[in-house]
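What follows is a short report on a single structure.
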Amino acid sequence: ELPKEGDGTRTLLPRTTVLPRHLEDRRVKTLVRSLSVLDEWLEQNEGRTNDEVRVRRIKGWREEVLEQLRLSLNLARS
């Protein structure tokens with residue numbers, strides 16, 4: 001299950017994660033990869049950056065990706 005919006009958790013997916021069949025969709029794969037990249041950046045730069053604007057921007061992008069992923073998964077289940 002994906003984290004709820006704003007709960008502050010990170011969703012790190014190993015690159016070797018095997019996705020269920022309904023996740024074979026190119027869009028979902030792209031969103032999962034994007035989420036992984038954003039999470040990795042946040043983890044590597046946690047507490048190391050003085051640029052709070054950049055951190056907020058990355059977190060905002062992450063929330064957008066999560067929302068799109070939730071929508072895509074809901075459509076795939078229908």
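With sequence neighbours excluded, the residues forming a side-chain hydrogen bond (donor to acceptor under 3.5 Å, both in side chains) with Gln44 are Glu40, listed by chain and number. Shown here are the side-chain hydrogen bond (donor to acceptor under 3.5 Å, both in side chains) partners of Glu64, two or more places apart in sequence or in another chain: there are none. For Arg33, there are no salt bridge (charged side-chain N to carboxylate O under 4.0 Å, His left out) partners at least two apart in sequence or on another chain.
The line from OG of Ser72 to CD of Glu67 is 10.0 Å long, rounded to the nearest 0.5 Å. For the atom pair NZ (Lys29) and CZ (Arg27), the distance works out to 15.0 Å, reported to the nearest 0.5 Å. Taking CD from Glu43 and CD from Glu46, the interatomic distance works out to 7.5 Å, rounded to the nearest 0.5 Å.
Of all the heavy atoms in Val65 and Leu38, the pair that sits closest is CG2-CD1, 4.0 Å. Here the closest non-hydrogen pair linking Arg62 and Leu42 is CD-CD1, 3.8 Å.
Contact of the Val32 side chain with the Leu69 side chain is registered, since non-hydrogen atoms from C-beta on lie closer than 4.5 Å. Arg54 places a side-chain heavy atom less than 4.5 Å from the side chain of Trp41.
Screening Leu71, Leu35, Leu31 for a side-chain contact (heavy atoms from CB on, under 4.5 Å) with Leu66, the sole residue that qualifies is Leu35.
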